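What you see is a predicted model, and the numbers here were worked out from it, not measured in a lab. Residue numbering restarts at 1 for every chain, and letters A, B, ... go by the order of the sequence lines.
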Protein chains: 2
Amino acid sequence: MLNLKNEKIPRATIGRLSLYVQQLEILEQQGEKVISSEKLAKICGVNPSQIRKDLAYFGEFGVRGVGYYIYELKQAIKKSLGLDRIWKVVLVGVGNLGRALLRHNVLIKRGFIVVGAFDCDPFKIGEEIAGLEVMCSSNLPQKIKELDAEIGIITTPQERAQRAANYLIKGGIKGIVNFAPARITVPSHIVVEYVDFINHLFSTAFQISLNQAKGMYS
Amino acid sequence: MLNLKNEKIPRATIGRLSLYVQQLEILEQQGEKVISSEKLAKICGVNPSQIRKDLAYFGEFGVRGVGYYIYELKQAIKKSLGLDRIWKVVLVGVGNLGRALLRHNVLIKRGFIVVGAFDCDPFKIGEEIAGLEVMCSSNLPQKIKELDAEIGIITTPQERAQRAANYLIKGGIKGIVNFAPARITVPSHIVVEYVDFINHLFSTAFQISLNQAKGMYS
DNA sequence: CAGTGTGAATATCTTCACAGCA
DNA sequence: TGCTGTGAAGATATTCACACTG
């Protein structure tokens with residue numbers, strides 16, 4: 001159950017909370033118990049007030065004069081984001097990227113369990129990857145209900161992304177994370193997030209070009 | 001060579017330009033020649049003025065009363081971003097994700113050629129993936145120079161990200177795209193971009209939880 | 001007294017609205 | 001006439017600065 005003040009939360013805040021959770025987990029592993037917004041800010045590369053503001057959307061988790069108890073803060077953030085439970089996910093498109101995600105333990109580590117893998121290529125159907133048998137995409141609508149999945153990950157090529165989305169929608173999916181370089185159209189009650197890592201390469205290349213133009217490497 | 005007005009470009013603009021390029025390429029494949037900011041906006045899911053403003057940072061590419069010539073616009077954006085050439089990239093960390101990126105043709109399609117793959121695991125060194133022989137990470141500093149790479153992609157586990165970064169820095173890398181869930185410290189003249197797709201899953205889960213709290217599915 | 005929580009100030013980003021050009 | 005390019009307005013996001021508290 002979400003517990004939040006009835007302000008709306010900036011998109012950017014959500015992205016950072018994810019970062020905080022990850023860094024808090026690392027600190028926890030290192031045996032740290034308490035951290036100040038200033039130190040956490042340094043680790044995350046953001047401004048300390050930013051952190052305090054971000055957290056304030058959800059409640060008061062800190063102790064004045066002390067800081068934040070790491071374990072409690074992590075739990076509080078996860079609860080605030082609705083991450084205090086397992087989310088069932090189906091993945092559509094078992095290419096290189098899809099396989100990597102299926103085998104990547106980061107999903108399960110963060111509470112996302114892939115309960116079904118789908119592809120439309122007959123050569124891939126039946127193959128077993130990371131303990132899952134690849135199923136035919138056209139079974140998606142029915143399987144989503146059977147498997148009780150709420151989130152769909154699309155890792156198809158660009159031209160098949162919309163079709164994958166259509167299957168997911170028909171199955172009653174609640175949210176889609178789209179790794180394909182294509183916009184998709186969905187009913188407004190379905191959440192869509194786009195993951196586009198090429199733009200980070202573009203951005204890096206651009207910034208390097210800027211530095212070069214400034215004569216930084218000459 | 002970059003050609004831009006000497007304003008500074010919003011970060012968010014760069015991210016969208018990447019999106020425009022991809023959509024323009026799709027339109028081009030579909031045989032379209034001209035497009036208005038309004039139509040492109042609809043395709044990209046943004047506001048038309050946004051597109052015009054984004055483009056205005058780099059010059060005047062449109063024709064009033066007509067729109068934008070797709071091919072010319074795409075070229076102009078790529079040139080503006082410094083993407084009118086091939087960028088040589090090295091990849092460090094040949095796990096599931098690293099392999100997927102090496103085999104993923106999207107990199108080369110966008111002008112990024114991986115010229116070297118590195119790992120510190122003796123079992124992986126020597127293995128051939130996508131035509132590249134995996135080399136020992138400790139050779140990075142020397143190899144980066146030999147191969148003339150400018151961008152490093154880090155796909156190691158979290159705890160080895162900083163070491164990978166150190167090797168890259170020693171080799172004189174100009175930019176780093178870090179897929180590992182860890183912040184890294186680098187000298188200020190080196191560009192760093194973080195790719196964190198877990199945050200999109202977090203964000204999706206959170207928004208679904210919000211919808212549920214609003215009783216949207218009840 | 002160290003460090004949170006927060007209103008107020010600033011900076012940044014987005015959208016509007018319309019002048020101006022093909 | 002239709003659509004771009006752009007200043008001005010509006011909306012968001014970030015940072016500052018300090019009152020407040022354990």
If you take all heavy atoms of A/Ser209 and B/Leu81, which pair is closest and at what distance? OG-O, 3.9 Å

Pairs touching residues 163-183 of chain B that satisfy ring-ring contact (aromatic ring centres under 6.0 Å, His included), sequence neighbours left out: A/Phe197-B/Phe179

What closest approach, in Å, do B/Leu24 and B/Ile70 show between heavy atoms, and which atom pair accounts for it? O-CG2, 3.5 Å

What is the distance, to the nearest angstrom, from the CZ atom on A/Arg52 to the P atom on C/dA2? 15 Å

Do A/Asn211 and A/Gln207 get their side chains close enough for a donor-acceptor pair, meaning under 3.5 Å? no

Starting from C1' on C/dT12, measure out to CG on A/Asn47 and report it in whole angstrom. 15 Å

When you check the phosphate oxygens OP1 and OP2 of D/dT14, does a side-chain N or O of A/Arg16 lie under 4.0 Å from one of them? yes

Shortest non-hydrogen contact from A/Val94 toward A/Asp119: N-OD2, 2.6 Å

Dump every N/O contact between nucleotides 7-11 of chain D and the protein below 3.5 Å, one line per pair.
{"residue": "D/dG7", "atom": "N7", "partner": "B/Lys53", "partner atom": "NZ", "Å": "3.4"}
{"residue": "D/dG7", "atom": "O6", "partner": "B/Lys53", "partner atom": "NZ", "Å": "3.0"}
{"residue": "D/dA8", "atom": "N6", "partner": "B/Lys53", "partner atom": "NZ", "Å": "3.3"}

Please identify each residue that fulfils ring-ring contact (aromatic ring centres under 6.0 Å, His included) with B/Phe202, with sequence neighbours left out. none

Hey, can you pull the residues of residues 20-39 of chain B with a non-hydrogen atom under 4.0 angstrom from DNA chain C? none

Nucleotide C/dG5, atom C1' - distance to CD of A/Gln50 in whole Å: 15 Å

Side chains of B/Phe206 and A/Leu17: closer than 4.5 Å at any heavy-atom pair? no

For the residue pair A/Lys42 and B/Arg183, establish whether any side-chain heavy-atom pair is separated by less than 4.5 Å. no

Between A/Gln22 and B/Gln158, does any side-chain donor sit less than 3.5 Å from a side-chain acceptor? no

Could you tell me the separation between the CG atom of B/Leu55 and the P atom of C/dT14, rounded to a whole number of Å? 14 Å

Is the distance from OP1 or OP2 of C/dT4 to the nearest side-chain N or O of A/Tyr69 less than 4.0 Å? no

Given atom CG of A/Asp54 and atom P of D/dT15, what is their separation to the nearest angstrom? 10 Å

Under 3.5 Å, which protein N or O atoms sit close to an N or O of nucleotides 20-22 of chain D? Give each pair with its distance.
{"residue": "D/dC20", "atom": "O2", "partner": "A/Arg64", "partner atom": "NH1", "Å": "3.2"}

ring-ring contact (aromatic ring centres under 6.0 Å, His included) against A/Phe118, all qualifying residues, sequence neighbours excluded: none

Mapping B/Ser49 and A/Ala12 onto DNA chain D by nearest heavy atom, which one lands closer to the 5' end? B/Ser49

Whole-Å distance separating the CZ atom of B/Phe58 from the P atom of D/dT6: 14 Å

Atom-to-atom span, OH of A/Tyr57 to C1' of C/dT4 - whole angstrom: 16 Å

Atom of B/Ala182, atom of B/Tyr194 and distance for their closest heavy-atom approach: O-CE2, 3.4 Å

In whole Å, I'd like the distance from the CD1 atom of A/Ile51 to the P atom of D/dC16. 14 Å

